[in-house]
Amino acid sequence: MSLRLFNTLTRSVEDFVSLEAGRVQMYACGPTVYNYAHIGNLRTYIFEDLLRRTLEYLGYSVEHVMNVTDVGHLTDDADEGEDKVIRSAREQGMTVWEIAEHFTNAFFSDLDNLDVIRPTIVCKATDHIQDMIGLIERIEAKGHTYISGGNVYFDVTSFPHYGELAMLDRQNLQAGARVGVDENKRNPADFVLWFTNSKFERQAMVWDSPWGRGYPGWHIECSAMSMKYLGDKFDIHCGGVDHINVHHTNEIAQAEAATGVHPWVRYWLHGEFLVLDKDKMSKSLGNIMTLSSLTEKGYDSMDFRYFCLGGHYRSQLQFSPEALDAARSARLSLLDRIADFRRRADSVPEHPEGKAAAYLSDFTSRMQDDLHVPQALSVLWKMIKDTQVPPEQALSAIGFMDRMLGLGLIENTAEENLEEELSRLIEERNAARKNRDFERADTIREDLEKRGILLEDGPDGTRWKRKR
RNA sequence: GGCGCCGUACCCAAGUGGUAAGGGAGAGGUCUGCAAAACCUUUAUGCACCGGUUCGAAUCCGGUCGGCGCCUCCA
């Protein structure tokens, strides 16, 4: 069975074949670090993590490159959110560089909390200005640029493949429909490679270049860095759907114009949006929803990961507190059941057999079919509820499944030891129950609950578990 | 204004021609001193609405209404 992925280039599901057997090179668009990542951003990184985990599960060695864009969007412009950052930077006496570092750290901390495996290479835009200048020079040498109003522009008419990814009809692109026209452009789709003449004041980061002191355009960093680390041709490029029309379209133009190699990237994968309540999303209210805002309410980061696994990556996912609660309950129930398997299991075989093996195979085929995680999850639940699957077999299969899901199903269900004092209380309660002193027994149970220990009396005796 | 996507039970959500996965929540029951957990049963003759194609449609086509995304930094 092979991996099949939906390729935005062709708008269809294709068999995935890597350029080099057993090795996958993938580039994932990273954050622009001028603010905290919100949960919608994080959904996309979770999607990319599922892709990476599945590739690795299937035996590929994955080179996973991610940029951190710490230039370009850090100065003031008309956007209110950015004003706020500048304001807070000023208030806190931080430079834009410090702001970038702060939000970069916050970003990776979020990913760690979500058990998103870190990229093999993380590259900062400001460390690669010379690479960007070099790439612009190559594009210029091939005759795809012009200089106007002090800025270096990419001439989209010089690049016949322009807009293929987005399936743009260039004739019908309407300039200035929602934004002012840049008078320097020959064609509305043209875009800046290098600015020397900023439309923003207070530009905080500038570098020398053959075209004058200035800073790079919005799209060049991804082309330059991905090509630096992955070469002129590589397997997968992914990001959010919002990147298709402009960012990725322009990245392709830049890369292919410079090298003449087509296609530059073979598979383009895009994650759909998490849809929030309008109120919650309102920028004017300033309450973008972050992962920490969820954990502050008592959710575990992994509740959010589980929630994201409930929808397919190419469908919009409707976020609501109720939906997150449902994910939380489901996840905790899953952990409880697995913990129970672990108590009942003898030794867990390295590979599952029989029915468990069949479930694993079913699960894997759903994952291989364009990462149909919701279906894979339903297979996991079916296996868990199938009384014909012995616990040690189920555990063996779950171990493999979780390598793709990344829910910590094995790590978070290990047997724990209870403090001696608490164990003694449980024994005391059981003695009380034997003597039919239920008042005493219930008092102890309530006391333990206050200390985070829940008791369940079963036919095999009393079990305890920690409140989550 | 242009391009594209979506509308499935109380909620989230799979399902793209063959008769509605899964999870959460709710209801009833078994078990239990009680509780919890678990288990059993139950919750869409119907998939926004209207019309069409077909032996057969949630799935294809047309229209209507509603929601979302991109066209501007954006996951």
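Throughout, protein chains are lettered first and strands after them, A, B, ... in sequence-line order, and every chain is numbered starting at 1. Keep in mind the model is a prediction, meaning the values are calculated, not measured. No hydrogens, no waters, no symmetry mates; every other heavy atom, side chains included, goes into these values.
Between A:Met289 and A:Leu294, the shortest heavy-atom distance links the atoms SD-CD1, 3.8 Å.
The CZ atom of A:Phe341 sits 11 Å away from the C1' atom of B:A38 (whole-angstrom rounding). When rounded to the nearest whole Å, the span between NE2 of A:His312 and P of B:A75 equals 21 Å. Per the geometry, CD1 belonging to A:Ile338 stands 18 Å off P belonging to B:A37, to the nearest Å. Atom NE2 of A:His270 is separated from atom P of B:G69 by 17 Å (rounded to the nearest Å). Put simply, CG on A:Leu274 is 18 Å from P on B:C74, counting in whole angstrom units. Rounded to whole Å, the distance from CD on A:Gln316 to C1' on B:C70 is 11 Å. The OH atom of A:Tyr27 sits 13 Å away from the P atom of B:A75 (whole-angstrom rounding). If you measure from atom CD1 of A:Ile39 to atom C1' of B:C74, you get 15 Å, rounded to the nearest angstrom.
If A:Leu455 and A:Gly30 are placed on RNA chain B by their nearest nucleotide, the residue sitting closer to the 5' end is A:Leu455. If A:Tyr313 and A:His219 are placed on RNA chain B by their nearest nucleotide, the residue sitting closer to the 5' end is A:Tyr313.
The partner of B:C73 cannot be assigned: no Watson-Crick or G-U wobble pair with both contacts below 3.5 Å exists in any strand. In a base pair of the Watson-Crick type (N1 to N3 plus N6-O4 or O6-N4) or a G-U wobble (N1-O2 and O6-N3), with each distance short of 3.5 Å, B:G46 is matched with no nucleotide. Under the Watson-Crick or G-U wobble criterion, with both distances below 3.5 Å, B:G51 is paired with B:C61. B:G56 is unpaired under the Watson-Crick or G-U wobble criterion, no partner having all donor-acceptor distances under 3.5 Å. Using N1 to N3 plus N6-O4 or O6-N4 for Watson-Crick, or N1-O2 and O6-N3 for G-U wobble, each under 3.5 Å, B:G22 pairs with B:C12. Under the Watson-Crick or G-U wobble criterion, with both distances below 3.5 Å, B:U30 is paired with B:A38. Remark: B:C68 base-pairs with B:G4. Criterion, Watson-Crick or G-U wobble with two distances under 3.5 Å.
B:A58 and B:U30 have their C1' atoms separated by 37 Å, given to the nearest Å. A gap of 16 Å separates the P atoms of B:U43 and B:A9, to the nearest Å. A distance of about 16 Å separates the C1' atoms of B:A44 and B:G26, rounded to the whole Å. Only the P atoms considered, B:C49 is 13 Å distant from B:C10, to the nearest whole Å. The gap from the C1' atom of B:G23 to that of B:G66 amounts to 27 Å, rounded to the nearest Å. Nucleotides B:G51 and B:A13 are separated by 29 Å at their P atoms, to the nearest Å. With both ends at atom C1', the span from B:G7 to B:G63 equals 16 Å, rounded to whole Å. Taking atom P on both nucleotides, B:C65 is separated from B:A57 by 26 Å, rounded to a whole Å.
For A:Asp447, the salt bridge (charged side-chain N to carboxylate O under 4.0 Å, His left out) test picks out A:Arg451, with sequence neighbours left out. In this structure A:Asp235 satisfies the salt bridge (charged side-chain N to carboxylate O under 4.0 Å, His left out) test with no other residue, sequence neighbours excluded. With sequence neighbours left out, A:Tyr299 forms a side-chain hydrogen bond (donor to acceptor under 3.5 Å, both in side chains) with A:Asp325.
The base of B:A35 sits with one of its N or O atoms less than 3.5 Å from a complementary donor or acceptor on the side chain of A:Arg445.
The side chain of A:Gln318 lies closest to B:A13, out of B:A36, B:A75, B:A13. Among the nucleotides B:A75, B:G15, B:C34, the one closest to any side-chain atom of A:Asp442 is B:C34.
In this structure, A:His270 has its ring center no closer than 6.0 Å to that of A:Phe47. Remark: aromatic rings of A:His248 and A:Trp268 are close, center separation under 6.0 Å.
Residues A:Asn187 and A:Tyr153 have side chains that never bring a donor and an acceptor to within less than 3.5 angstrom of each other.
Among the heavy atoms of the strands, none lies under 4.0 Å from A:Phe47. Counting non-hydrogen atoms under 4.0 angstrom, A:Arg429 reaches a base of the nucleic acid. No engagement by A:Thr387 is indicated, since no non-hydrogen atom pair under 4.0 Å with the nucleic acid exists.
Annotation: side chain of A:His237 is not in contact with side chain of A:Leu269 (no heavy-atom distance under 4.5 Å).
Stacking between A:Phe273 and B:G69 is absent: the aromatic ring centre is not both under 5.5 angstrom from the base six-membered ring centre and within 30 degrees in plane angle.
Pairs engaging residues 29-50 of chain A under the salt bridge (charged side-chain N to carboxylate O under 4.0 Å, His left out) rule: A:Asp49-A:Arg53, A:Asp49-A:Arg305 [sequence neighbours left out].
Taking side-chain N and O atoms only, A:His247 has no distance below 4.0 Å to OP1 or OP2 of B:C70. At B:A75, one or more side-chain N or O atoms of A:Asn41 fall inside 4.0 Å of OP1 or OP2 (strictly under the cut-off).
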- In B/S/- notation (B base, S sugar-phosphate only, - none; protein heavy atoms under 4.0 Å), nucleotides 19-27 of chain B written 5' to 3' is --BSBSS--

Cut-off 3.5 Å, no hydrogens considered: what does the side-chain donor-acceptor table look like for residues 102-111 of chain A, sequence neighbours left out?
| unit_1 | atom_1 | unit_2 | atom_2 | d |
| --- | --- | --- | --- | --- |
| A:His102 | NE2 | A:Tyr36 | OH | 2.9 |
| A:Thr104 | OG1 | A:Ala100 | O | 2.6 |
| A:Asn105 | ND2 | A:Glu101 | O | 3.3 |

